[in-house]
Amino acid sequence: MTKSFKHKFDIRSSAPGKMKSIGGYLELQLSNESEYYPALLRLNTGRNALEYILKTKAYTLIYLPYFTCEVIMEPVRKLGIQYQFYTINEQMEPVLDFELGPNDCLLYTNYFGLKQETTIALRKRFANLIVDNSQGFFSEPVAATDTFYSCRKFFGVPDGAYLQVSGPARLKLERDVSVDRFSHLIRSIDLGIENGYSDYLANNNVLSGNPIRKMSVLTQSILSGVAYKACKYRRNANFMYLHDFLVNHNDYVFDASSVNGPMVYPFSHPSTSLREKLLEKRIYTATYWPNVFSWTTKKMYEYYLASHLIPLPIDHRYTHLDMKRIINVLKNHL
Ligand SMILES: Cc1ncc(COP(=O)(O)O)c(C=O)c1O
């Protein structure tokens, strides 16, 4: 990561109004340091970053994992590209029982940010690899590999994506405006996370069907003020704290020797009541992903994952005390 002081002076002057104004009321003060990926393209959403790749590379067929979020289908449907689903094995690596043609691409999700080694290995085999790092913000892009990131999964922003795309083709884009997508983010500060939840769901809907745009000035400004090093450190420390206790109860076996700011702690367990038990104690966990239930059959591993994998929160808001609370709830039911 290189410090980019350039942005200190650039971002706001590109806001509507051309010449910088002087005087008037004071605006929200945001810390203005540097972004984590200053050299990557800045776009409005992860799904649109995928659209950018598909468009500029003119792929005609995409291989997609059954185990992913349905919004990935948005650009695929929009561009009318053919698609085929593939399965993953118990290491969450693709079962490669197909060949890629010259106009085909393979989308792989760096699950929870724990699959960097797999992305490196896949890249050696396939030039037409696309890495979805929406769950792996801190996983650096592999050289010459088309890769995108979704910022809202890791930080308090409503949208925003980074994109590394190889080749010379670039799209000319307008800049997005995200001012109307913030209510859940500010509501939760004043009134609590539960109070902002319905606005959060509404914002998820608002993100559908938007054209590819450059990242908004507002989102970029917030991302320029994040203490990335501290965020990554907390994620790693919380992850390892949970791992120490849960490793022997976890169905999902993975290599924890080089965690790098993962998104969540993936805890998979035969019990189907754990999510409910956590919820009762106001510990909220997502389902990855509800669409997988309709895309797969009950016999498939992906179906099992969607029903049994509990992504435990480990982000920068939490300390070991919070992790202990999670463990105390789980421990009574394992
Ligand atoms: C695995 C995965 N990839 C991509 C996306 C798309 O990111 P965005 O919401 O920024 O379009 C999401 C979620 O929305 C996701 O869960």
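Everything numeric in this text was worked out from a predicted model, so none of it was measured.
- Closest approach of Phe137 and Cys151 over heavy atoms only: CE1-SG, 4.3 Å.
- Listed here is the closest heavy atom pair of Arg275 and Leu309: NH2-O, 3.1 Å.
- The hydrophobic clustering, which links ILVMFWY residues whose side-chain heavy atoms are closer than 4.5 Å, places Val177 and Leu207 apart.
- Distance check, rounded to the nearest 0.5 Å: CD1 of Ile212 to CG of Asn48 gives 5.5 Å.
- Applying the ring pair (Phe, Tyr, Trp, His ring centres under 6.0 Å) test between Tyr149 and each of Tyr37, Tyr162, Tyr36, Phe138 identifies Tyr37 as the sole match.
- Asn133 and Asn110 share a donor-acceptor pair across their side chains, judged by distance under 3.5 Å alone.
- Counting only heavy atoms from C-beta outward, the side chains of Ile222 and Thr219 never approach each other to under 4.5 Å.
- Side-chain atoms of Gln135 never come within 3.5 Å of backbone atoms of Val264 as a donor-acceptor pair (strictly under, hydrogens ignored).
- Put simply, the side chain of Phe112 does not reach to within 4.5 Å of the side chain of Val259, judged on heavy atoms.
- In this structure a side-chain-to-backbone donor-acceptor pair under 3.5 Å is present from Lys115 to Gln91.
- Val226 and Tyr233 are not part of a single hydrophobic cluster, where members link through side-chain heavy atoms under 4.5 Å apart.
- Closest approach of Tyr265 to Asn250, counting heavy atoms only: OH-ND2, 3.3 Å.
- Side-chain atoms of Asp190 never come within 3.5 Å of backbone atoms of Ile186 as a donor-acceptor pair (strictly under, hydrogens ignored).
- When the options Phe245, Phe254, Phe267 are evaluated for a ring pair (Phe, Tyr, Trp, His ring centres under 6.0 Å) with Phe239, the one that passes is Phe254.
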Inset, instruction - Test side chain to side chain contact (heavy atoms under 4.5 Å, CB included) on Tyr52 and Arg47 and set out the steps. - result: CA-CA 9 Å; Tyr52 194 111; Arg47 68 201 83 175; over 6 Å; no
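- Every residue two or more places apart in sequence or in another chain was checked for a salt bridge (charged side-chain N to carboxylate O under 4.0 Å, His left out) with Lys153, and none qualifies.
- Side chain of Asn210 to main chain of Val206: a donor-acceptor pair is present (N/O by atom type, distance under 3.5 Å, no hydrogens or angles).
- Of all heavy-atom pairs between Val131 and Thr119, the closest is CG1-CG2, 3.9 Å.
- Two residues are said to be in side-chain contact when any heavy atoms from C-beta on lie closer than 4.5 Å; Leu171 and Lys55 meet this criterion.
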Inset, instruction - Could you check Ser150 against Ser134 for side chain to side chain donor-acceptor pair (under 3.5 Å), going step by step and ending with a plain yes or no? - result: CA-CA 5 Å; Ser150 169; Ser134 300; 4.8 Å; no
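- Put simply, OG1 on Thr296 and CG on Asn291 are 9.0 Å apart, with the number rounded to the nearest 0.5 Å.
- For Ser271 and Ser273, the side-chain atoms include at least one donor-acceptor pair closer than 3.5 Å.
- At least one donor-acceptor pair under 3.5 Å links the side chain of Asn238 to the backbone N or O of Arg234.
- To the nearest 0.5 angstrom, Leu274 atom CG is 12.5 Å from Ile326 atom CD1.
- Panel note: side chain Arg235, backbone Pro262; a donor-acceptor pair is recorded below 3.5 Å.
- Looking only at side-chain heavy atoms (C-beta outward), Ile283 and Arg325 come within less than 4.5 Å of each other.
- When all heavy atoms of Glu51 and Pro75 are compared, the closest pair comes out as CB-CB, 3.5 Å.
- Centroid-to-centroid, the aromatic rings of Tyr111 and Phe67 come within less than 6.0 Å.
- The shortest side-chain heavy-atom distance between Leu246 and Leu330 falls under the 4.5 Å cut-off.
- Remark: Phe98 pairs with Tyr63, Tyr86, Leu96, Leu100, Leu106 by the side-chain contact (heavy atoms from CB on, under 4.5 Å) rule, at least two apart or across chains.
- No continuous path of ILVMFWY side-chain contacts below 4.5 Å connects Phe148 to Met263, so the two sit in separate hydrophobic clusters.
- Residues Ile310 and Tyr318 fall within the same hydrophobic cluster, defined by Ile, Leu, Val, Met, Phe, Trp and Tyr side chains chained together at heavy-atom separations under 4.5 Å.
- The closest side-chain donor-acceptor pair between Arg152 and Asn204 falls under 3.5 angstrom.
- With hydrogens and angles ignored, the 3.5 Å screen pairs no side-chain donor or acceptor of Thr287 with any backbone N or O of Pro290.
- Hydrophobic clustering places Ile72 together with Leu54 (ILVMFWY residues linked when any side-chain heavy atoms are closer than 4.5 Å, directly or through intermediates).
- Using a distance-only test at 3.5 Å, with no hydrogens or angles considered, a donor-acceptor pair links the side chain of Asn89 to the main chain of Met92.
- Crowding of Phe293 atom CZ: a count of heavy atoms from other residues, nucleotides or ligands under 6.0 Å exceeding 12.
- Of the possible polar contacts, one joining the Ser188 side chain to the His184 backbone as a donor-acceptor pair under 3.5 Å is found.
- Not counting sequence neighbours, His316 has no partner by the ring-ring contact (aromatic ring centres under 6.0 Å, His included) test.
- Here the shortest heavy-atom pairing between Gly261 and Asn236 reads N-OD1, 2.6 Å.
- Side-chain contact of Thr145 with Gln164: a donor-acceptor pair under 3.5 Å is absent, judged by distance alone.
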What pairs of donor and acceptor atoms, side-chain ones from residues 193-202 against any protein atom, are under 3.5 angstrom apart with sequence neighbours left out?
{"residue": "Glu194", "atom": "OE1", "partner": "Arg282", "partner atom": "NH2", "Å": "3.1"}
{"residue": "Glu194", "atom": "OE2", "partner": "Arg282", "partner atom": "NE", "Å": "2.7"}
{"residue": "Glu194", "atom": "OE2", "partner": "Arg282", "partner atom": "NH2", "Å": "2.9"}
{"residue": "Glu194", "atom": "OE2", "partner": "Tyr284", "partner atom": "OH", "Å": "2.4"}
{"residue": "Asn195", "atom": "OD1", "partner": "Arg187", "partner atom": "NH1", "Å": "2.7"}
{"residue": "Asp199", "atom": "OD2", "partner": "Ser183", "partner atom": "OG", "Å": "2.7"}
{"residue": "Asp199", "atom": "OD2", "partner": "Arg187", "partner atom": "NE", "Å": "3.3"}

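- In the model, Ser221 has no side-chain atom that pairs as donor or acceptor with a side-chain atom of Ser224 under 3.5 Å.
- Looking only at side-chain heavy atoms (C-beta outward), Ile120 and Gln116 come within less than 4.5 Å of each other.
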Inset, instruction - Carefully, step by step, assess Asp159 and Arg181 under the rule salt bridge (Lys or Arg N to Asp or Glu O under 4.0 Å). - result: CA-CA 8 Å; Asp159 52 27; Arg181 302 178 189 145; 2.5 Å; yes
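- Leu163 is listed as a side-chain neighbour of Ile53, based on a closest heavy-atom distance under 4.5 Å.
- Not one N or O on the side chain of Asp315 forms a donor-acceptor pair closer than 3.5 Å with the backbone of Phe154.
- Between the side chains of Asn260 and Lys232, at least one donor N or O lies within less than 3.5 Å of an accepting N or O.
- With sequence neighbours excluded, the residues forming a salt bridge (charged side-chain N to carboxylate O under 4.0 Å, His left out) with Glu174 are Arg213, listed by chain and number.
- Scored by the ring-ring contact (aromatic ring centres under 6.0 Å, His included) test, His320 finds Tyr241 as partners (sequence neighbours excluded).
- Ring to ring, Trp295 and Tyr303 are not that close: their centroids are 6.0 angstrom or more apart.
- In this structure, the ring of Tyr108 has its center no less than 6.0 angstrom from the ring center of Phe126.
- Defined by atom type and a distance below 3.5 Å, a donor-acceptor pair is present between the side-chain atoms of Asp146 and Ser166.
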